[in-house]
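Working notes for the structure below.
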Amino acid sequence: MRQALDLAARGLFTTDPNPRVGCLIVDHGTIVGEGWHEKAGEAHAEVLALAKAGDRAASATAYVTLEPCSHTGRTAPCCDALIRAGIGRVVVAMQDPNPLVNGQGIAALRASGVRVDVGLMAAEAIELNLGFVSRMLRKRPWVRMKLAASLDGKTALTNRQSQWITDEPARADGHYWRARASAILTGIGTVKDDDPQMNVRYLASKRQPRKVLVDSRLEVSPLARMLVDPGVLIVTALDERSAKPGVWQGLVNAGHRLLSLPNAQGKVDLEALMQSLAQEGMNELHIEAGYKLNGSLLREACVDELLVYLAPRLLGPGMAMFDLQALEQMPGDPVWDFVEHQSLGRDLRLRLRKIQALQELGLPRCSKT
């Protein structure tokens, strides 16, 4: 199963919106077939493994990181392919939370006389597909917020200059997390201050994440670098009638999509945005925004994971990581768990996860990856 999970991880950057799945077929202790899902619409891991195993699949054992699908989507059901091949046993890491499957693949295999065991390395399998599991169970992506800060917790100087707080190894690592995400989200404040590209550049990637811009009043310049390529989702509190003349249609004509999601305060409804992104098949959402939007996302309980890069610098007065309200007493039990710390050149990366989010996905606290 460890090898099957390693196979599945090869699809880390490419499978969206599908889960990352690996399959190994073993005959009398010998691996006779292996496969991993690379891209939506292409063959699933089980089908590829069966093709390599050929006749040796009969009575063999298949190790699969996710329950074989039982429905016809872009491809035929994998459980049917396993049954036709005469597989004798299937070891499944985790049941598929997709309502279209959700135990039906396991039931179909057992009904055909195949022995099925479920739960081997389940936590590791969930970890590999945090976003997919979150989207299926919670109807929202797994939301990861990235921050680069000084030791005194500042993300920019008082003049809003922020490049560069961390060194290149930390910046390159940040692009790894961008690359695995379904989409990168930022706010209009960051676009005005930094004019970022919001793409993956430090590593080769077959797929660029979608770009999402939160811009309540449609203030973005059509010349902003993140708008150079079409397809940006711009989320606003306005509609075509309330926007300045020509702005809405100009962005649409440039190939972007606008989504109106106002809340009662005239801002973007962030919880509704998370649900909308899930409906569009986004599994992991990577956030790189300013302190105001960061604070709003935290207050609205939209963030599951914090990715914090700390540089050995002191910036003094400047921009904080989050815009949060003042507290009058120390908070109670921690809301976040430290998951990992890693040195990257002179900088330090910390990862924290929300305890409630771990519980909702069935993961243990302080899980290591």
Side-chain angles (χ1 to χ4, degrees), residues 12 123-124 126-135 137-138 140-156 162 165-167 169-187 190 270-271 274 283-313 315 319-327 330-369:
L12 193 66
E124 290 86 344
I126 295 172
E127 181 70 44
L128 189 62
N129 284 301
L130 273 175
F132 179 77
V133 176
S134 177
R135 180 163 66 87
L137 295 182
R138 305 191 300 165
R140 49 173 282 182
W142 179 264
V143 180
R144 183 180 294 113
M145 179 180 287
K146 180 255 184 181
L147 306 119
S150 61
L151 284 179
D152 49 349
K154 299 300 188 294
T155 61
S162 62
I165 292 176
T166 56
D167 290 339
R171 298 200 295 273
D173 186 74
H175 278 247
Y176 161 85
W177 294 97
R178 282 187 181 186
R180 64 174 284 167
S182 308
I184 303 171
L185 180 147
T186 193
T190 298
L270 296 173
E271 176 58 32
M274 297 303 123
N283 293 328
E284 292 185 23
L285 179 64
H286 181 88
I287 295 172
E288 295 193 26
Y291 80 109
K292 288 187 177 180
L293 182 53
N294 286 344
S296 296
L297 287 160
L298 285 173
R299 287 194 301 272
E300 297 296 320
C302 293
V303 182
D304 301 307
E305 184 170 344
L306 296 174
L307 189 66
V308 184
Y309 297 85
L310 287 180
R313 307 172 189 271
L315 300 187
M319 311 300 291
M321 287 189 276
F322 316 107
D323 179 21
L324 298 175
Q325 64 186 24
L327 299 178
M330 290 295 293
D333 292 338
V335 173
W336 301 88
D337 251 357
F338 281 103
V339 176
E340 179 191 42
H341 66 275
Q342 181 176 343
S343 295
L344 297 166
R346 295 186 299 180
D347 304 315
L348 178 65
R349 185 189 73 195
L350 303 175
R351 280 205 300 134
L352 302 91
R353 284 177 173 170
K354 204 169 190 177
I355 295 170
Q356 181 181 344
L358 294 174
Q359 293 170 341
E360 291 171 349
L361 269 59
L363 281 172
R365 292 181 57 177
C366 298
S367 57
K368 298 294 189 293
T369 57

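Along the sequence shown, the residues carry numbers beginning at 1. All heavy atoms count here, side chains included; hydrogens, waters and symmetry mates do not.
- Between the S150 side chain and the K154 main chain, a donor and an acceptor come within less than 3.5 Å of each other.
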Might you work through the side chain to side chain contact (heavy atoms under 4.5 Å, CB included) test for F132 and I126, ending with a clear yes or no?
-> CA-CA 9 Å; F132 179 77; I126 295 172; over 6 Å; no

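- By the 4.5 Å heavy-atom criterion applied to side chains, F338 and L350 are counted as neighbours.
- Scanning for salt bridge (charged side-chain N to carboxylate O under 4.0 Å, His left out) contacts around R180 gives E284, with sequence neighbours left out.
- With contacts defined as side-chain heavy-atom distances shorter than 4.5 Å, the pair V143/M274 qualifies.
- Considering only heavy atoms from C-beta on, R351 stays 4.5 Å or farther from Q342 through its side chain.
- Under the 4.5 Å side-chain criterion, counting only non-hydrogen atoms from C-beta, L147 is not in contact with Y309.
- One finds the CG atom of L324 at 6.5 Å from the CZ atom of R299 (value rounded to the nearest 0.5 Å).
- Atoms CD1 and CG, from I355 and L363 in turn, are 13.0 Å apart once rounded to the nearest 0.5 Å.
- How far CD1 of I287 is from CG of L306: 9.5 Å, rounded to the nearest 0.5 Å.
- When side chains are defined from C-beta on, N294 counts as touching M145, because their heavy atoms get closer than 4.5 Å.
- At distances below 3.5 Å, at least one donor-acceptor pair connects side-chain atoms of R140 with backbone N or O atoms of C302.
- Salt bridge status for R353 with E360: absent, with no side-chain N to carboxylate O gap under 4.0 Å.
- Put simply, CG on L297 and CG on L270 are 5.0 Å apart, with the number rounded to the nearest 0.5 Å.
- Although no hydrogens or angles enter the test, the distance criterion places a donor-acceptor pair under 3.5 Å between the side chain of R171 and the main chain of T166.
- At a threshold of 4.5 Å between non-hydrogen side-chain atoms, the residues L185 and H286 do not count as touching.
- For D323, there are no side-chain hydrogen bond (donor to acceptor under 3.5 Å, both in side chains) partners at least two apart in sequence or on another chain.
- Atoms NZ and CH2, on K146 and W177 in that order, are 13.0 Å from each other to the nearest 0.5 Å.
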Under the side chain to side chain contact (heavy atoms under 4.5 Å, CB included) criterion, do R138 and V133 qualify, and how do the steps go?
CA-CA 8 Å; R138 305 191 300 165; V133 176; over 6 Å; no

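- Between D152 and R313 no salt bridge is recorded (no basic side-chain N to carboxylate O distance below 4.0 Å).
- Nearest heavy-atom pair across G345 and P169 is N-CB, 4.2 Å.
- When every heavy atom of A289 is checked against every heavy atom of G187, the shortest pair comes out as CB-N, 4.1 Å.
- One N or O on the side chain of S182 and one on the backbone of N283 form a donor-acceptor pair closer than 3.5 Å.
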Next item on the list: Check the pair K354, L358 against side chain to side chain contact (heavy atoms under 4.5 Å, CB included), reporting the backbone distance first and the verdict last.
Entry: CA-CA 7 Å; K354 204 169 190 177; L358 294 174; over 6 Å; no

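- For the pair D347 (side chain) and A170 (backbone), a donor-acceptor distance under 3.5 Å is absent.
- Ion pairing of R346 with D167 is present here, as a side-chain N (NZ or NE/NH1/NH2) and a carboxylate O approach within less than 4.0 Å.
- Between R349 and D173 a salt bridge is recorded (basic side-chain N to carboxylate O distance below 4.0 Å).
- For H341, there are no ring pair (Phe, Tyr, Trp, His ring centres under 6.0 Å) partners, not counting sequence neighbours.
- At least one donor-acceptor pair closer than 3.5 Å links the side chain of S296 to the backbone N or O of K292.
- The shortest heavy-atom contact between W142 and D304 is CA-OD2, 3.5 Å.
- Under the 4.5 Å side-chain criterion, counting only non-hydrogen atoms from C-beta, F322 is not in contact with V303.
- Contact check for Y291 versus M321: no side-chain heavy atoms found under the 4.5 Å cut-off.
- Taking every heavy atom of both residues into account, E288 and T186 meet most closely at O-OG1, 2.7 Å.
- Proximity of a side-chain donor or acceptor of T155 to a complementary backbone N or O of A148 within less than 3.5 Å is not detected.
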